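Scroll down for the structure; my scribbles are underneath it.
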Amino acid sequence: MRLFNTLTRTEEDFVPADGKTVRMYTCGLTVYARGHIGNFRTFISLDVLRRALRHQEGYGMRHVMNFTDVDDKTINASQQAGVSLREYTDRYIQAFREDCAALGLESVEENPRATDEANLKAMVDMIGQLTARGHTYESDGSTYFRIATLPEYGKLARLDHEGIQAGARVDSDEYDKEDARDFVLWKATKEGEPTWDYGCGPGRPGWHIECSAMALRLLGDGPIDIHGGGIDLIFPHHENEIAQAEGATGRQFSRFWVHVEFLKLAHEKMSKSLGNVYSLQDIIDRGFRPSSLRFLLISVHYRKQLTFSFDILAQADAALTRLTDFLARLERATEGEAHPAIAERVAAARAEFRAMIASDLNVPGGLGVMFELLREMNAAIDAKGMSADDAALIRDAFEEFDRVLGVIALRRAEDSAPPFPADEIDALIEERRLARRNRRFARADEIRKDLEARGILLEDSATGTRWKRK
RNA sequence: GGCGCCGUCGCCAAGCGGUAAGGCAGAGGUCUGCAAAACCUUCAUCCCCGGUUCGAUUCCGGGCGGCGCCUCCA
């Protein structure tokens, strides 16, 4: 498949180095607060990438996504909460897992956390390698990376460091660095902070070292196939990851770099530091469903900014409802024999969809293919009915699409968990059926209205009445 | 100051050299006890100005507008 590589700023053919299994690392969440929907745009986009590689391209996956569970924010927040760092970050890891499940993310092969011993040791080892190769220096007990020792520094972000000029917000660090561009690998212990000592002196890891070290520890020697994350990580985080991994090993770190654009709110990016964030729970509290959010977040190409609003969330919800209504209609198709024309049309749509996804994950284009097929198949049902065999073919196609998108199955799982017991709904539908047969329409309409007030919509058809969540 | 992205129908959004996919909303119709669902019809010349080309929404240049990175951030 074709994939845009930030390293080259071009779309390239992607194949895993060994031809079989994709070794992918994606930056996860810093677990000092609940993830917001901007974070989840990135995670969902990378989930679609993972699904496409796995289910469409047929590769095996070795996918690592970390939790950053030690940094200034996690430390400060845990101290304010009066609990240990571990206990505090456990809470948000748990919350993150719940949100991921609600949003239909596939679980990945490894979710390392920075403060696990094996990982801290890997970081210290890597710092040792960097020191052996002359890339580090010490200052006040902290260890720094000396940018000047790595001529290639800046190749990912394409920053002209010689030319940092007036107007740039240059780092004014309280630490004693030789060069403003240098960054910390290991921070010396401060009073009251968690500390570890595995060979770099007592302290804690700098932010960037964890990803370099854990990626190579869990995925094996570089280059790994893909490294991904939000676009804001290009600099400094990913640039520094490259410096660390390549400085330590002398080998390329990652062949492909994939970055997901921002989610914006009104006219600015959504970020915790700006405070303009919505969590998944906020979305649910407004009466929307996680599946609708997932649909919205994948319906704009991952490399374009997406401006969130509840208005477009409602549009996404309506579109997704149409999709599941169609699939439900298919369940009732039982008439006649198979139509060869349908098989042909479905095969063509499958090919078109695959081509869209293989083209740098053109999910919006893929959705277009799906809805075109949907309309034509609806028309076919209206025109001459549809056999169970035809319906099965169509259903298979949508299941194939959804293995990549992961949104229809999610919606259906939500639908099958009604706000109150399904038995009760079925009983009321039966009562309404009898009322209608006896032409007691007032009672029939009353049942419809009551159910609607309780979040259940009814749809009558020749083959009976079906219910769905509002 | 440097680097980069974006501007397509009321809203969202693909396409990116050969004459504008799709979704949502709207209008008219078919169907229907009601309500939905569904179908049919209808609904854009692509921010502006130049240039290149037989031909540009698509390439180049210049505007205007929006956003990002150069600091923690998905």
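Here is the naming used below: chain letters follow the sequence lines, and residue numbers restart at 1 for every chain. On a predicted model such as this, the values are computed, not experimentally measured, just so you know.
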Considering every strand and a 4.0 Å limit on heavy-atom distances, what is the contact class for A/Arg466: base, sugar-phosphate, or nothing? nothing
Mate of B/rC43 where both pairing distances stay under 3.5 Å, Watson-Crick or G-U: none
Judged by each residue's nearest nucleotide on RNA chain B, which is more toward the 5′ side, A/Pro236 or A/Leu457? A/Leu457
Report the relative orientation of the aromatic rings in A/Tyr278 and A/Phe308; use parallel for angles under 30°, tilted for 30 to 60°, perpendicular for over 60°. tilted
Contact class for A/Val300 (heavy atom, under 4.0 Å): base, sugar-phosphate, or nothing? sugar-phosphate
So, does the side chain of A/Asp460 form a donor-acceptor pair with the base of B/rC34 at under 3.5 Å? yes
Which whole number of Å gives the distance between the P atom of B/rG63 and that of B/rC24? 41 Å
With a non-hydrogen cut-off below 4.0 angstrom, is A/Phe371 in contact with a base, only sugar-phosphate, or nothing? sugar-phosphate
Within the 4.0 Å heavy-atom criterion, would you say A/Arg41 contacts the bases, only the backbone, or no part of the nucleic acid? nothing
In terms of ring plane angle, is the pair A/Phe96 and A/Phe43 parallel, tilted or perpendicular, where the classes change at 30° and 60°? perpendicular
With both distances under 3.5 Å as the test, what is the Watson-Crick or G-U wobble partner of B/rG68? B/rC3
Measure from the side-chain heavy atoms of A/Ala318 and tell me the nearest of B/rC24, B/rA14, B/rA38. B/rC24
Between B/rA44 and B/rC9 - P atom distance, rounded Å: 12 Å
Between CZ of A/Phe353 and P of B/rG22 the distance, given in whole Å, is 17 Å
Determine the interatomic distance between C1' on B/rG1 and the same-named atom on B/rC60; round to the nearest Å. 26 Å
Give one of base, sugar-phosphate or nothing for A/Gly38, where a contact means two heavy atoms less than 4.0 Å apart. base
What nucleic acid atoms does A/His36 come within less than 4.0 Å of, heavy atoms only: base, sugar-phosphate, or nothing? base
Under 4.0 Å: is that the gap between some side-chain N or O of A/Asn378 and OP1 or OP2 of B/rC39? yes
Take atom CD of A/Glu352 and atom P of B/rG22, then tell me their distance rounded to the nearest Å. 12 Å
Suppose you measure atom C1' in B/rC46 against the same atom in B/rC6; what distance do you get, rounded to whole Å? 14 Å
Under 4.0 Å from OP1 or OP2 of B/rG7: is there any side-chain N or O of A/Lys304 that close? yes
Pairing partner of B/rA38 (Watson-Crick or G-U wobble, both distances under 3.5 Å): B/rU30
If you count every heavy atom of other residues, nucleotides or ligands that lies below 6.0 Å from A/Arg9 atom CZ, does the total exceed 12? yes
What is the pairing partner of B/rU53, taking Watson-Crick or G-U wobble pairs with both distances under 3.5 Å in any strand? none
Could you tell me whether A/Arg433 and A/Asp460 have a side-chain N and a carboxylate O separated by less than 4.0 Å? no
Inspect the contact between A/Asp13 and A/Arg2 and indicate whether a charged nitrogen and a carboxylate oxygen are less than 4.0 angstrom apart. yes
In whole angstrom, what separates A/Leu323's CG from B/rA38's C1'? 15 Å
In whole angstroms, the gap separating C1' of B/rG23 from CG of A/Leu313 amounts to 14 Å
Under 4.0 Å, heavy atoms only, any strand: does A/Gly230 hit a base, just the sugar-phosphate, or nothing? sugar-phosphate
Is A/Lys449 touching bases, backbone alone, or none of the nucleic acid, heavy atoms closer than 4.0 Å? nothing
Assess whether one donor atom and one acceptor atom, taken from the side chain of A/Gln315 and the base of B/rC11, lie less than 3.5 Å apart. yes
Could you tell me if A/Arg34 sits above the aromatic ring of A/Tyr92, with its cationic atom closer than 6.0 Å to the ring centre and no more than 45 degrees from the axis? no
Whole-Å distance separating the CD1 atom of A/Ile231 from the P atom of B/rC70: 11 Å
By the 4.0 Å heavy-atom rule, please label A/Ser271 as base, sugar-phosphate, or nothing. base
When the distance from CD of A/Glu376 to P of B/rG22 is rounded to whole Å, what number comes out? 10 Å
For a quick check of understanding: with a heavy-atom distance under 4.0 Å over all strands, which category does A/Arg432 fall into, base, sugar-phosphate or nothing? base
Which is true for A/Leu46 with a 4.0 Å heavy-atom rule: it touches a base, it touches only sugar-phosphate, or it touches nothing? nothing
Is the aromatic ring of A/Phe441 within stacking range of B/rG33, meaning centres under 5.5 angstrom and planes under 30 degrees? yes
At under 4.0 Å between heavy atoms, what does A/Arg303 touch on the DNA or RNA strands: base, sugar-phosphate, or nothing? nothing
Heavy atoms under 4.0 Å, any strand shown: does A/Ser309 hit a base, just sugar-phosphate, or nothing? nothing
Suppose you measure atom C1' in B/rC47 against the same atom in B/rU58; what distance do you get, rounded to whole Å? 15 Å
Taking donor-acceptor contacts at under 3.5 Å, does the side chain of A/Arg436 reach the base of B/rG33? yes
Looking for any heavy atom pair under 4.0 Å, which part of the strands does A/Glu459 touch: base, sugar-phosphate only, or nothing? base
A/Lys264 side chain, from C-beta outward: closest of B/rC67, B/rA74, B/rG23: B/rC67
Mind checking who B/rG10 pairs with, Watson-Crick or G-U wobble, both distances under 3.5 Å? B/rC24
The side chain of A/Glu372 lies closest to which of these nucleotides: B/rA74, B/rG22, B/rA25? B/rG22
Between A/Glu452 and A/Arg329, which is nearer to the 5' end of RNA chain B once each is assigned its nearest nucleotide? A/Glu452
Looking only at atom P, what distance separates B/rG15 and B/rU32, rounded to whole Å? 42 Å
Within less than 4.0 Å of OP1 or OP2 of B/rC69, is there a side-chain N or O belonging to A/Arg158? no
When you check the phosphate oxygens OP1 and OP2 of B/rC39, does a side-chain N or O of A/Arg322 lie under 4.0 Å from one of them? yes
State yes or no: are the ring centers of A/Phe256 and A/Phe14 separated by less than 6.0 Å? yes
Would you call the rings of A/Phe353 and A/Phe401 parallel, tilted or perpendicular, taking 30° and 60° as the class edges? tilted
Cation-pi geometry met for A/Arg411 and A/Phe295 (6.0 Å, 45°): no
Can you check the distance between B/rU52 and B/rC43, where both ends of the measurement are the C1' atom (answer in whole Å)? 34 Å
Could one point to a donor on the side chain of A/Arg375 or the base of B/rC39 with an acceptor on the other under 3.5 Å away? no
Where the side chain of A/Phe235 is concerned, which of B/rC24, B/rC69, B/rC11 is the nearest nucleotide? B/rC69
Taking the P atom in each of B/rU8 and B/rU45, what is the distance between them to the nearest angstrom? 14 Å
How many whole angstroms separate atom CG of A/Leu306 from atom P of B/rG7? 14 Å
Rounded to whole Å, please give me the gap between CG in A/Leu156 and P in B/rG4. 14 Å
On the side chain of A/Asp445, is there an atom forming a donor-acceptor pair with the base of B/rG33 - under 3.5 Å, no angle test? yes
Specify whether A/Trp257 and A/His259 have parallel, tilted or perpendicular ring planes, treating 30° as the upper limit for parallel and 60° as the lower limit for perpendicular. parallel
